[in-house]
J.: 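Handing you this structure, nothing more for now.
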Amino acid sequence: MNALNSPSSPGMVMTGTMSRPDPQRSRAARTLMSATLLPCEKPRRPEAQWGFNGGRLSEGGSPGQTEPDAKTSEEDSWMESDERSPVGAPRSREAAGAWRRMTVTSLATCALLALTTLSSACAPSPYIENPDITTEVDDWRDEVIYQVIVDRFANGDVNNDFNVTHDPTNLNRYMGGDWQGLIDRVDYLQALGVTAIWISPVVMNVEEDAGIAGYHGYWTQSFNDVNPHFGDLAKLRELVDVMHAHGIKVIVDIVTNHVGQLFYYDINQNGQADITTWYATDGSDTLDIVTEWDPGFDGRTIQSWTSLGYAGDAPLGWVDMPELNRRPPSPPEFRSDDWYHKMGRVTDWSDLDQVVYGDFPGGLKDLATENPNVRAGLIRVFQDWITKTNIDGYRIDTVKHIEHDFWSEFCPAIRDHAAVLGKEQFLMFGEVFDGDDTLLGSYTQDDMLDSLVYFSQKYWIYDGVFKRGDPTSKLDELYGMRAVNWGAEPQPGGIGLAPRDIPINFMDNHDVGRFLFDKDSEDALASAIAFLMTQEGVPLLYYGTEQGFAGGNDPANREPLWPSGYDTDGDLFVWTAGLTALRAAHEPLRRGDFTLTWTSPDTGSAPGAHMLAFERSTDTETVLVVLNTSDEHTNSTADAAGAMETSFPSGTTLTVAFPPTLEGQTWTVGGDGALEVSLPPRGVAVLVE
């Protein structure tokens with residue numbers, strides 16, 4: 001998910017409450033046109049270098065820089081001489097202004113069209129037709145998912161570098177990453193050992209709003225079209241094909257809850273989007289100052305308000321700013337007023353009505369997903385992306401902001417369509433951004449999602465145990481909850497696994513600060529990665545974790561990867577790659593039963609405190625994983641009550657399979673399966689027979 005930081009629109013120059021097109025856009029559109037009409041050759045850019053083309057569609061200067069006198073000087077020059085006037089341009093200042101405002105729209109529209117059709121003007125692509133549909137997955141528990149923000153991973157094609165920043169510190173702008181960059185760096189993915197990538201939403205987005213670009217993909221403008229910053233449809237198909245050829249599955253992020261900020265609420269009915277207007281949200285005569293782009297929640301729907309009082313539902317003002325690709329959504333049916341809840345922005349996250357019916361903060365307009373027509377429209381567009389691309393799954397944004405029975409209709413329809421095409425094992429997992437495990441589990445029942453990004457574990461275990469040193473007994477409590485809260489049966493037509501058996505495990509992502517941001521310890525991170533790669537479920541690794549990135553909350557946690565040089569020799573990369581290889585080599589670490597064999601309610605220096613151990617077992621092999629989550633104390637799997645009990649027979653010799661520093665070291669199991677394993681602070685030992 002991604003919210004705006006303010007309600008203003010960056011493509012507008014504000015004069016009080018009035019708005020007009022930014023005069024910088026005309027020259028920017030012409031620049032974009034000339035930069036777009038390039039030959040078929042695809043030049044490559046070294047990712048470690050900066051100096052991207054453009055910057056907020058401007059010709060020079062810092063990103064977002066404006067020239068207050070640009071309109072006057074440019075229009076004056078058109079009137080000064082015939083030689084400097086565009087063909088057919090009027091002579092008067094007023095006519096020139098009107099001509100120019102018309103031209104900026106045409107030029108920007110042409111530029112976007114040229115970007116999306118660039119490859120079609122080149123040699124015929126083998127990816128111009130819908131692909132053959134294939135099933136790439138046997139069991140999703142075998143996979144290691146790597147989350148990628150496409151704009152930040154690798155810049156493989158400078159031809160789509162428009163409106164990108166010159167400033168490497170400006171993380172709210174486009175930076176140039178694209179699908180070609182992923183194709184070019186497939187060897188990096190393989191070296192890391194990931195077997196699936198979760199990529200940013202692929203659909204066309206609002207270009208920018210409130211000085212922030214839609215690089216992340218969560219501001220849908222067209223559900224049908226690709227984001228030209230990343231490539232064209234043929235390139236997306238090529239990405240999927242190349243990844244499949246290298247044993248890597250492709251999961252696409254999708255948004256069904258909202259669209260970008262594509263309309264405003266005309267509260268005062270003056271026909272324009274006002275940054276400030278007076279409004280009473282509680283039905284009284286007490287007025288507040290609100291913005292028509294993003295007013296606070298009103299369960300009646302946002303109302304009109306004039307000097308005489310209430311005047312009925314506020315009309316919606318659909319925006320048409322093609323120079324920012326901020327225009328009514330596509331397909332056309334999504335332009336219907338009754339397809340939206342129209343209740344304004346969530347202001348109280350404890351109010352379930354607001355969470356479900358309110359706009360996402362930043363003016364992301366909430367779709368009325370209980371409307372059968374809206375459901376049918378969303379089903380159609382997301383069925384079509386499977387047909388067009390042969391992708392392997394969806395990660396679904398903002399799940400808790402939509403009523404439960406939407407998922408009971410949407411998910412089976414997507415599964416049925418995939419199956420008809422010949423795609424089995426199509427995975428759908430969702431984001432329920434909440435630590436309430438009961439709430440998470442509620443979306444895995446009744447034909448809904450196959451799994452969820454395991455937020456309750458992120459807060460309880462990765463933040464609590466691995467960062468703050470909370471008791472490891474928290475695992476017993478949380479995993480007991482999952483056994484009750486999450487679906488106990490596979491979804492019909494789904495991936496063949498009960499949701500409770502396949503949580504999507506993660507420690508950080510694009511919406512929360514990175515692990516190292518508030519725990520400055522690579523040893524702690526290494527132990528957390530070891531747990532991630534060996535616990536029950538599917539590991540989800542956020543790009544840059546393997547390079548020790550330490551950014552804070554959005555956007556600081558969305559750093560470009562290329563400054564790392566894609567180093568495969570760093571300690572964290574080697575550690576992570578070693579664990580993915582270990583996981584691939586030992587079936588129990590992927591598909592085995594999970595049994596906690598040691599946790600402790602104690603902390604500090606108490607015997608057995610901070611120790612965590614569990615077995616992963618199949619019929620043919622059992623692997624024992626032991627971790628010390630303490631930053632300070634050497635400890636062991638024993639306390640006053642005795643040593644840890646395992647399933648191994650007395651006298652069994654267990655050998656360290658990971659890490660390499662302990663490789664070959666052995667422990668012998670005592671009577672009744674008792675085993676005491678001692679480890680230093682943040683120590684890890686994976687033991688096999």
J.: Do Gln383 side-chain atoms and Ala413 backbone N/O form a donor-acceptor pair below 3.5 Å?
T.: yes
J.: Which distance, rounded to the nearest 0.5 Å, do you find between the OG1 of Thr195 and the CZ of Arg590?
T.: 10.0 Å
J.: Look up atom CG in Leu171 and atom NE2 in His216, then write down how far apart they are to the nearest 0.5 Å.
T.: 12.5 Å
J.: Mind telling me whether Tyr218 and His510 have parallel, tilted or perpendicular rings, with 30° and 60° as the class edges?
T.: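 His510 and Tyr218: parallel rings.
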J.: Should the pair Asp167-Arg173 be classified as a salt bridge under the 4.0 Å nitrogen-to-oxygen rule?
T.: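 Salt bridge flag = no for Arg173 with Asp167.
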J.: Less than 6.0 Å separating the ring centroids of Tyr542 and Phe506?
T.: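 No, the ring of Tyr542 stays outside the 6.0 Å limit from the ring of Phe506, centre to centre.
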J.: Could you go through the side chain to side chain contact (heavy atoms under 4.5 Å, CB included) check for Leu427 and Tyr394 one step at a time?
T.: CA-CA 6 Å; Leu427 175 68; Tyr394 284 141; over 6 Å; no
J.: Could you grab the distance from atom CD1 of Ile251 to atom CG of Leu540, nearest 0.5 Å is fine?
T.: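 So the CD1 of Ile251 and the CG of Leu540 are separated by 8.5 Å.
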J.: What I want to check is whether the side chains of Asn155 and Asp161 have a donor and an acceptor closer together than 3.5 Å.
T.: yes
J.: If we ignore angles and hydrogens, is there a donor and acceptor under 3.5 Å between the side chains of Tyr454 and Gln535?
T.: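 Gln535 and Tyr454 do not have a side-chain donor-acceptor pair below 3.5 Å.
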J.: Heavy atoms only: give me the nearest Asn205-Trp219 pair and the separation to one decimal.
T.: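 Closest pair (atom of Asn205, atom of Trp219, distance): OD1-N, 2.7 Å.
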J.: Does the side chain of Thr545 come under 3.5 Å of the side chain of Gln547 through a donor N or O and an acceptor N or O?
T.: no
J.: Decide yes or no on ring pair (Phe, Tyr, Trp, His ring centres under 6.0 Å) for Tyr462 and Phe515, but give the supporting numbers first.
T.: CA-CA 8 Å; Tyr462 284 104; Phe515 186 97; 7.5 Å; no
J.: Taking the six-membered ring of Tyr127, is NZ or CZ of Lys235 closer than 6.0 Å to its centre and within 45° of its axis?
T.: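 Output no; distance or angle outside limits.
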J.: Just so I know, are the side chains of Leu572 and Leu525 near enough to count as touching, which here means a heavy-atom distance under 4.5 Å?
T.: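 Side-chain contact under 4.5 Å: yes.
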J.: When you measure from the centre of the six-membered ring of Tyr543, is the NZ or CZ of Arg152 closer than 6.0 Å and no more than 45° off the axis?
T.: no
J.: Can we call the ring centroids of Phe466 and Phe531 under 6.0 Å apart?
T.: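 Yes; Phe531 has its ring centre under 6.0 Å from that of Phe466.
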J.: Please report the closest heavy-atom contact between Pro131 and Arg237, naming both atoms and the distance.
T.: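 The pair with the smallest heavy-atom distance is CD-NE, 4.0 Å.
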J.: Check whether any side-chain heavy atom of Asp225 sits under 4.5 Å from a side-chain heavy atom of Val203, and report yes or no.
T.: no
J.: Do Asp384 and His417 meet the criterion of a side-chain donor-acceptor pair at a distance under 3.5 Å?
T.: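 Not at all, the side chains of Asp384 and His417 share no donor-acceptor pair under 3.5 Å.
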J.: Is Asp520 salt-bridged to Lys467, cutoff N-O under 4.0 Å?
T.: no
J.: Regarding Asn509 and Gln147, is there a side-chain donor-to-acceptor distance under 3.5 Å anywhere?
T.: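 No, Gln147 and Asn509 have no side-chain donor paired with an acceptor closer than 3.5 Å.
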J.: Please verify the inter-ring angle class for Tyr174 with His229; under 30° counts as parallel, over 60° as perpendicular, anything in between as tilted.
T.: parallel
J.: Please determine which of Tyr188, Phe549, Tyr566 meets the ring-ring contact (aromatic ring centres under 6.0 Å, His included) test together with Phe573.
T.: Tyr188
J.: Less than 4.0 angstrom from a charged side-chain N to a carboxylate O is my criterion; do Arg185 and Asp187 meet it?
T.: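 Salt bridge: no.
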